[in-house]
Amino acid sequence: MKNIYDVTTGKEKNYECKDDLVVKDETLIVYLKEDLDHHNAEKIREKIDDVIEFENTRNIVFDFTNVSFMDSSGIGVIMGRYKKIYYMRGEIAVVGINSIIDKIFTMSGLYRIATKYDSISEAIKDFEECQN
(Lines give C-alpha, C1' and ligand atoms only; values in the text may rest on other atoms or scores of the structure.)
Protein backbone atom coordinates (compact mmCIF):
# COMPACT_ATOMS: atom_id res chain seq x y z
CA MET A 1 0.00 0.00 0.00
CA LYS A 2 1.13 3.53 -0.79
CA ASN A 3 0.86 6.50 1.53
CA ILE A 4 -1.96 8.94 1.10
CA TYR A 5 -1.88 12.28 2.84
CA ASP A 6 -5.12 14.12 3.55
CA VAL A 7 -4.48 17.76 2.65
CA THR A 8 -6.80 18.92 5.41
CA THR A 9 -5.51 16.81 8.32
CA GLY A 10 -2.05 15.79 7.16
CA LYS A 11 -2.70 12.21 8.29
CA GLU A 12 -2.08 9.07 6.30
CA LYS A 13 -5.11 7.38 4.82
CA ASN A 14 -5.95 4.18 3.00
CA TYR A 15 -4.82 4.02 -0.67
CA GLU A 16 -8.25 2.98 -1.89
CA CYS A 17 -9.85 6.13 -0.44
CA LYS A 18 -8.77 8.26 -3.43
CA ASP A 19 -8.24 11.17 -1.07
CA ASP A 20 -6.11 14.22 -1.57
CA LEU A 21 -2.50 13.15 -2.11
CA VAL A 22 -1.23 9.81 -3.34
CA VAL A 23 2.38 8.85 -3.96
CA LYS A 24 2.72 6.23 -6.68
CA ASP A 25 6.30 5.33 -7.56
CA GLU A 26 7.97 8.71 -8.20
CA THR A 27 4.71 10.54 -8.91
CA LEU A 28 2.60 12.58 -6.52
CA ILE A 29 -1.06 12.59 -7.50
CA VAL A 30 -2.99 15.57 -6.12
CA TYR A 31 -6.76 15.09 -6.09
CA LEU A 32 -8.12 18.61 -5.73
CA LYS A 33 -11.48 18.44 -3.95
CA GLU A 34 -12.52 22.06 -4.38
CA ASP A 35 -11.61 25.31 -6.11
CA LEU A 36 -7.94 26.21 -5.97
CA ASP A 37 -8.06 29.76 -4.66
CA HIS A 38 -6.75 32.00 -1.88
CA HIS A 39 -8.98 30.25 0.67
CA ASN A 40 -7.10 26.94 0.49
CA ALA A 41 -3.97 27.45 -1.63
CA GLU A 42 -1.57 27.86 1.31
CA LYS A 43 -2.76 24.68 3.04
CA ILE A 44 -2.54 22.65 -0.18
CA ARG A 45 0.89 24.12 -0.97
CA GLU A 46 2.28 23.16 2.45
CA LYS A 47 1.02 19.59 2.27
CA ILE A 48 2.34 19.07 -1.25
CA ASP A 49 5.72 20.47 -0.23
CA ASP A 50 5.85 18.10 2.75
CA VAL A 51 5.28 15.11 0.49
CA ILE A 52 7.86 16.32 -2.05
CA GLU A 53 10.40 16.72 0.74
CA PHE A 54 9.84 13.40 2.54
CA GLU A 55 8.83 11.04 -0.27
CA ASN A 56 10.70 10.02 -3.40
CA THR A 57 8.61 12.36 -5.55
CA ARG A 58 9.77 13.60 -8.92
CA ASN A 59 6.56 14.24 -10.89
CA ILE A 60 3.19 15.72 -9.98
CA VAL A 61 -0.25 15.08 -11.47
CA PHE A 62 -2.96 17.55 -10.48
CA ASP A 63 -6.51 16.19 -10.89
CA PHE A 64 -8.85 19.15 -11.49
CA THR A 65 -12.01 17.07 -11.87
CA ASN A 66 -13.71 18.75 -8.88
CA VAL A 67 -12.37 22.26 -9.55
CA SER A 68 -14.53 24.91 -11.20
CA PHE A 69 -12.41 27.99 -10.38
CA MET A 70 -8.76 28.87 -9.83
CA ASP A 71 -7.34 32.30 -9.00
CA SER A 72 -3.79 33.66 -8.95
CA SER A 73 -3.08 31.80 -5.69
CA GLY A 74 -3.86 28.55 -7.47
CA ILE A 75 -1.62 29.53 -10.36
CA GLY A 76 1.09 30.17 -7.78
CA VAL A 77 0.63 26.67 -6.33
CA ILE A 78 1.21 25.10 -9.75
CA MET A 79 4.18 27.33 -10.62
CA GLY A 80 5.83 26.92 -7.24
CA ARG A 81 5.59 23.12 -7.32
CA TYR A 82 7.05 23.16 -10.83
CA LYS A 83 10.05 25.10 -9.52
CA LYS A 84 10.52 22.50 -6.78
CA ILE A 85 10.61 19.51 -9.15
CA TYR A 86 12.31 21.16 -12.11
CA TYR A 87 15.82 20.53 -10.79
CA MET A 88 15.00 16.86 -10.21
CA ARG A 89 14.05 16.68 -13.90
CA GLY A 90 10.45 16.20 -12.89
CA GLU A 91 7.31 17.13 -14.75
CA ILE A 92 3.84 18.50 -14.02
CA ALA A 93 0.69 17.03 -15.54
CA VAL A 94 -2.94 18.07 -15.22
CA VAL A 95 -6.09 16.03 -15.78
CA GLY A 96 -9.81 16.67 -15.46
CA ILE A 97 -9.55 20.18 -16.91
CA ASN A 98 -12.89 21.83 -17.70
CA SER A 99 -13.29 24.75 -20.14
CA ILE A 100 -12.98 27.44 -17.44
CA ILE A 101 -9.78 26.01 -15.97
CA ASP A 102 -8.47 25.42 -19.50
CA LYS A 103 -8.85 29.15 -20.25
CA ILE A 104 -7.01 30.04 -17.04
CA PHE A 105 -4.16 27.66 -17.92
CA THR A 106 -3.98 29.05 -21.46
CA MET A 107 -4.12 32.73 -20.49
CA SER A 108 -1.62 32.36 -17.63
CA GLY A 109 0.85 30.34 -19.70
CA LEU A 110 0.70 27.35 -17.34
CA TYR A 111 0.58 24.97 -20.30
CA ARG A 112 4.25 25.88 -20.90
CA ILE A 113 5.13 24.07 -17.65
CA ALA A 114 2.28 21.55 -17.37
CA THR A 115 0.97 19.01 -19.86
CA LYS A 116 -2.73 18.18 -20.09
CA TYR A 117 -3.72 14.51 -20.23
CA ASP A 118 -7.03 12.67 -20.44
CA SER A 119 -6.23 10.44 -17.46
CA ILE A 120 -3.83 10.00 -14.57
CA SER A 121 -2.66 6.65 -15.93
CA GLU A 122 -1.83 8.25 -19.29
CA ALA A 123 0.27 10.93 -17.54
CA ILE A 124 2.14 8.39 -15.42
CA LYS A 125 2.83 6.22 -18.46
CA ASP A 126 4.23 9.23 -20.30
CA PHE A 127 6.41 10.16 -17.29
CA GLU A 128 7.85 6.65 -17.24
CA GLU A 129 8.57 6.67 -20.97
CA CYS A 130 10.24 10.08 -20.90
CA GLN A 131 12.40 9.33 -17.86
CA ASN A 132 13.66 5.90 -18.93
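In this chain, residues are counted from 1 in sequence order.
We find the CD1-OG1 distance between Ile97 and Thr106 to be 9.5 Å, quoted to the nearest 0.5 Å. Note that OG1 of Thr27 and CD1 of Ile60 are 9.5 Å apart. Values are rounded to the nearest 0.5 Å. Distance OG/Ser99 to NZ/Lys103: 6.0 Å, rounded to 0.5 Å. Atom CD1 of residue Ile104 and atom OG of residue Ser72 lie 10.5 Å apart, to the nearest 0.5 angstrom. For the atom pair CG of Asp102 and OH of Tyr111, the computed distance is 3.5 Å after rounding to the nearest 0.5 Å.
With hydrogens and angles disregarded, no donor-acceptor distance shorter than 3.5 Å links the side chain of Glu55 to the backbone of Val51. Within the 3.5 Å criterion, the main-chain N or O of His38 finds a donor-acceptor partner in the side chain of Asp71. A distance-only check finds a donor-acceptor pair linking the side chain of Asn59 to the backbone of Glu91 [under 3.5 Å]. The main-chain N or O of Glu34 is never found under 3.5 Å from a side-chain atom of Asn66 such that the two would form a donor-acceptor pair. Checking side-chain atoms of Asp37 against main-chain N and O of Gly74 turns up no donor-acceptor pair under 3.5 Å. A donor-acceptor pair is defined here as one N or O able to donate and one able to accept, closer than 3.5 Å; such a pair exists between the side chain of Asn40 and the backbone of Asp35.
At a threshold of 4.0 Å, the pair Arg58-Asp25 does not count as salt-bridged, since none of the basic side-chain nitrogens sits closer than that to a carboxylate oxygen. For the pair Asp20 and Lys33, the salt-bridge criterion is met [side-chain N within less than 4.0 Å of a carboxylate O].
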Checklist entry - Going through the checks in order, is the side chain to side chain contact (heavy atoms under 4.5 Å, CB included) test met by Val61 and Val30? => result CA-CA 6 Å; Val61 178; Val30 181; over 6 Å; no
Checklist entry - What's the verdict on ring-ring contact (aromatic ring centres under 6.0 Å, His included) for Phe62 and Phe105, showing C-alpha distance, side-chain angles and the deciding distance? => result CA-CA 13 Å; Phe62 289 92; Phe105 266 77; 8.5 Å; no
Next on the checklist: Between Arg45 and Glu42, is the salt bridge (charged side-chain N to carboxylate O under 4.0 Å, His left out) condition met? List the steps.
Outcome noted: CA-CA 5 Å; Arg45 179 182 306 120; Glu42 183 64 29; 2.5 Å; yes
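In this structure, Val67 and Ile101 have side chains that are in contact, with non-hydrogen atoms separated by less than 4.5 Å. Between Ile48 and Glu53 the shortest side-chain heavy-atom distance does not fall below 4.5 Å. Contact of the Leu28 side chain with the Val22 side chain is not registered, since no non-hydrogen atoms from C-beta on lie closer than 4.5 Å. Between Leu32 and Asp63, every side-chain heavy-atom pair lies at or beyond the 4.5 Å cut-off.
Environment of OH in Tyr86: sparse, with no more than 12 heavy atoms of neighbouring residues, nucleotides or ligands closer than 6.0 Å.
A pairwise comparison of heavy atoms in Lys84 and Met88 identifies O-CE, 3.4 Å as the closest pair. Shortest non-hydrogen contact noted between Ile100 and Ser68 is CG2-O, 3.6 Å. Minimum heavy-atom separation, Lys24 to Ile29: CB-CD1, 4.3 Å.
Ring planes of Phe127 and Tyr117: perpendicular class, angle over 60° (limits at 30 and 60°).
In the hydrophobic clustering of this structure, Tyr87 groups with Ile78; members are Ile, Leu, Val, Met, Phe, Trp, Tyr whose side-chain heavy atoms approach within less than 4.5 Å, directly or through other members. Two different hydrophobic clusters hold Tyr31 and Phe69 under the rule that ILVMFWY side chains link at heavy-atom gaps under 4.5 Å.
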